[in-house]
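Here the structure comes first, spelled out in structure tokens, and everything after it is commentary.
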Amino acid sequence: MRHNTRRHSDIRLQKTRGQRGPSGQIRHVRRGVRRFFAGRRIRRGDDKVKAVNGYRLSHSFPSGAWEREMITHHGFSQGGFALTVRTRFAPSPTGYLHVGGARTALFNWLFAKRHKGKFILRIEDTDAARSTEESIQAILDGMEWLGLTWDEGPFFQSKMFDAYRAHAKKLLDAGLAYRCYCAPEELEARREAALKEGRPPKYDGRCRARTDAPDKPYAVRFKTPGGGATSFADVIKGHISFENSAMEDLVILRSDSTPTYNFCVVVDDATMGITHVVRGDDHINNTPKQILIYRALGYELPVFAHLPMILGSDKTRLSKRHGATSVMAYKEMGYLPHSLVNYLARLGWSHGDQEIFSIEELVEKFSFENVGASSGVFNPEKLLWLNHPDIKEMREEAIAPLLLPFLKEKGIDAGGDARLLAIIKTLKERAKTLRELSDAAEFYFAGKVSYDPKAAEKFLTKEALPLFEGLIAGLSGLSEFTEAKVEEVFNAILNANGLKLGKLAQPVRVALTGGTVSPGIFEMIAAMGKERAVARLHDAAAYMKKG
RNA sequence: GGUCCUAUCGUCUAGAGGCCCAGGACGUGGCCCUCUCAAGGCUAAAACCCGGGUUCGAAUCCCGGUAGGACCGCCA
């Protein structure tokens with residue numbers, strides 16, 4: 001049953017368990033539950049009071065608002081002492097860092113930075129068969145390129161098996177878990193049969209009451225409570241509740257005694273002191289299981305924030321079909337890390353009408369309150385649009401080292417070229433990516449210009465020959481080869497012949513670049529340098545005479 | 001099939017019961033500027049999933065549909 005929770009805005013948080021803060025110390029802050037509930041369609045049960053992440057929601061707050069930040073910053077105040085926010089990114093090393101993972105990492109990072117907390121990197125490599133060294137490196141590279149530096153780690157789950165086993169033993173000893181001797185093949189057969197008959201494919205718990213201990217390999221299963229519900233207040237999605245009866249007794253230790261995901265996550269997040277678990281909303285269904293384990297282990301719950309997924313253009317989960325999904329692929333396409341970060345931040349999060357943010361602004365303004373609950377489509381065109389101002393506003397000195405590898409791919413070694421900065425200056429305003437910039441720069445370095453046939457036919461005509469001769473003479477005579485001086489030479493010729501700039505600029509453009517598209521004619525000539533410009537004009541003049 | 005999540009222009013979003021016959025941005029069309037191409041400026045087309053309810057008043061709150069997505073492993 002759904003409630004109009006907005007009307008019940010007299011809701012407060014009370015501490016019900018844990019040691020983090022005395023009850024009754026909740027400040028009133030203006031931006032409270034109204035928005036939280038308004039946009040989130042929070043559901044609440046019929047009962048007036050619900051336990052939520054160790055707090056209770058109840059209808060008694062006199063000020064009529066609820067401290068939203070209390071959930072967001074859960075664990076903040078402890079008798080006046082600030083506890084630091086600790087977030088983590090926990091990828092499994094089975095491939096490269098993709099944009100979805102990068103966004104999850106970014107939001108974790110942003111939240112930690114925003115609250116001067118710690119951001120932790122943890123590699124979830126319990127599946128030895130699928131985890132690879134290359135993947136680990138690829139993820140690290142991607143994070144580093146994006147500037148998502150971590151304060152602790154990387155930690156590897158594969159090195160912490162003892163801790164998981166110890167925790168499992170604790171549950172076993174407490175009677176909160178049990179040994180399951182069912183063979184995997186047997187379970188698989190039962191699952192298929194259940195699916196076939198339309199029954200939920202849930203483990204029937206047949207080993208739960210077992211008192212014998214056969215000399216067979218066994219898995220350890222967690223005892224899920226048969227009744228009741230497990231609910232939590234997600235900072236992004238609102239109140240979420242699951243019936244315990246729908247959950248099965250999940251395996252926490254495999255028969256080879258390696259731990260499983262849902263168990264490791266809890267043990268790690270709890271022992272690493274993670275205060276805010278920020279991850280994709282594909283984990284929502286895992287959350288109640290994890291909460292149950294937290295409780296069984298006697299650990300305090302973190303705050304959960306489930307980010308909506310990133311979809312492809314056809315609104316299905318983003319995958320290679322939709323184009324590049326690897327973060328490093330964007331580096332290779334000539335994007336700047338800031339653009340990707342800016343784009344990813346804006347995909348799901350917003351701050352009024354603002355589109356462009358510096359990293360500092362992002363850190364300053366980020367809040368889960370402004371993260372939308374619905375999934376978003378990855379739009380490469382908008383990312384491209386964002387990259388443009390980044391390149392435009394970057395100093396030539398900063399662009400140069402990034403551009404060199406792209407030029408090198410074309411066989412151009414511009415490292416020692418004194419003209420490089422001037423060349424970049426002419427190009428950067430009109431390049432959306434570094435790759436585009438390197439493409440556009442190619443003509444500057446070419447040994448000989450090859451003319452686009454159509455352009456040559458239209459512009460490199462006999463009529464233009466006298467103008468070229470005048471230009472060659474004028475440019476050759478310049479002692480100072482600057483943009484302004486070049487322009488003076490042009491103007492003199494234009495005035496003497498009563499022509500508009502277009503009449504001269506286009507033929508010259510073809511002569512110098514081979515095509516009809518280039519930076520402004522004066523800046524381009526100046527950047528090219530006298531020697532090369534004059535030589536190309538000579539070549540063009542010779543071509544005109546022939547043809 | 002079960003569970004959970006979600007729903008405003010093609011896309012990202014603003015929206016906190018009246019400031020909304022819905023604002024911004026990308027993309028698209030037009031015009032201006034102009035030595036080409038971009039950029040820039042102006043401008044146009046373009047959305048509240050449907051049905052009930054609450055209310056003097058609903059994009060907004062409630063209920064029900066519908067649609068999309070995710071998850072249902074001894075994967076993570």
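In what follows, chains carry the letters A, B, and so on, assigned in the order in which the sequence lines appear, proteins first and then strands, with residues in each chain numbered from 1.
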Could you give the distance separating B:rA70 and B:rC12 at their P atoms, to the nearest angstrom?
15 Å
Legend entry - Separation of the P atoms in B:rG2 and B:rU60, to the nearest angstrom: 29 Å
Here the distance between atom P of B:rC12 and atom CZ of A:R103, to the nearest Å, is 11 Å
Residue set satisfying salt bridge (Lys or Arg N to Asp or Glu O under 4.0 Å) with A:R254, at least two apart, ordered chain then number -> none
Any strand, both distances under 3.5 Å, Watson-Crick or G-U wobble: B:rU55 pairs with none
For A:E396, the salt bridge (Lys or Arg N to Asp or Glu O under 4.0 Å) test, sequence neighbours excluded, returns A:K428
Review point. Expressed in whole Å, how much space separates the P atoms belonging to B:rC48 and B:rG23?
Key: 13 Å
Separation of the P atoms in B:rG51 and B:rA67, to the nearest angstrom:
16 Å
note: A:M247, atom CE; B:rC4, atom P; distance rounded to Å ~ 10 Å
Q.
In this structure, is the centre-to-centre distance between the rings of A:Y343 and A:Y335 below 6.0 Å?
A. no
query = Which whole number of Å gives the distance between the C1' atom of B:rU28 and that of B:rC50?
reply = 29 Å
Tell me whether the rings of A:Y96 and A:H98 are parallel (<30°), tilted (30 to 60°) or perpendicular (>60°). perpendicular
Mate of B:rU6 across any strand shown (Watson-Crick or G-U wobble, both atom pairs under 3.5 Å) is B:rA67
Exercise for review: May I ask you to decide if the ring planes of A:H351 and A:W349 are parallel, tilted or perpendicular, using 30° and 60° as cut-offs?
Suggested key: parallel
Sorted by chain and number, sequence neighbours left out, side chain to side chain contact (heavy atoms under 4.5 Å, CB included) with A:R321 holds for A:D314, A:T316, A:S319
Residues at least two apart in sequence or cross-chain that pass side chain to side chain contact (heavy atoms under 4.5 Å, CB included) with A:V517, listed by chain then number, are none
Those residues at least two apart in sequence (or on a different chain) that pass ring-ring contact (aromatic ring centres under 6.0 Å, His included) with A:F468 are none
Using Watson-Crick geometry (N1-N3 plus N6-O4 or O6-N4) or G-U wobble (N1-O2, O6-N3), each under 3.5 Å, B:rU60 is paired with none
**Item:** C1' gap between B:rC75 and B:rA38, integer Å
**Value:** 49 Å
Reading nucleotides 67-76 of chain B from 5' to 3' and marking B where a protein heavy atom lies under 4.0 Å of the base, S where only the sugar-phosphate is that close, and - otherwise, the string is --SBS-SBBB
Give me the distance, rounded to whole Å, that separates B:rA14 from B:rA47 when you measure between the C1' atoms they each carry. 13 Å
Residues pairing under salt bridge (Lys or Arg N to Asp or Glu O under 4.0 Å) where one sits in residues 177-192 of chain A, two or more places apart or in two chains, turn out to be A:E186-A:R190, A:E188-A:R191, A:R190-A:D204
The complete set of side chain to side chain donor-acceptor pair (under 3.5 Å) pairs with one or both residues in residues 484-505 of chain A, sequence neighbours excluded, reads none
Under a 3.5 Å limit on both distances, the Watson-Crick or wobble mate of B:rA44 is B:rU28
In whole angstroms, the gap separating P of B:rC12 from CG of A:L318 amounts to 12 Å
Partner of B:rC75 under the Watson-Crick or G-U wobble criteria, both distances under 3.5 Å, comes out as none
pair_partner(B:rC33), Watson-Crick or wobble, both distances < 3.5 Å, evaluates to none
**Asked** With rounding to whole Å, what would you report as the distance between B:rG64 and B:rC42 at their P atoms?
**Response** 47 Å
Answer with base, sugar-phosphate or nothing: what part of the nucleic acid does A:F242 contact at a heavy-atom distance below 4.0 Å? sugar-phosphate
Protein heavy-atom contacts under 4.0 Å, written 5' to 3' over nucleotides 21-40 of chain B as B (base), S (sugar-phosphate only) or - (none), form the string --BBBBS-------BBBSS-
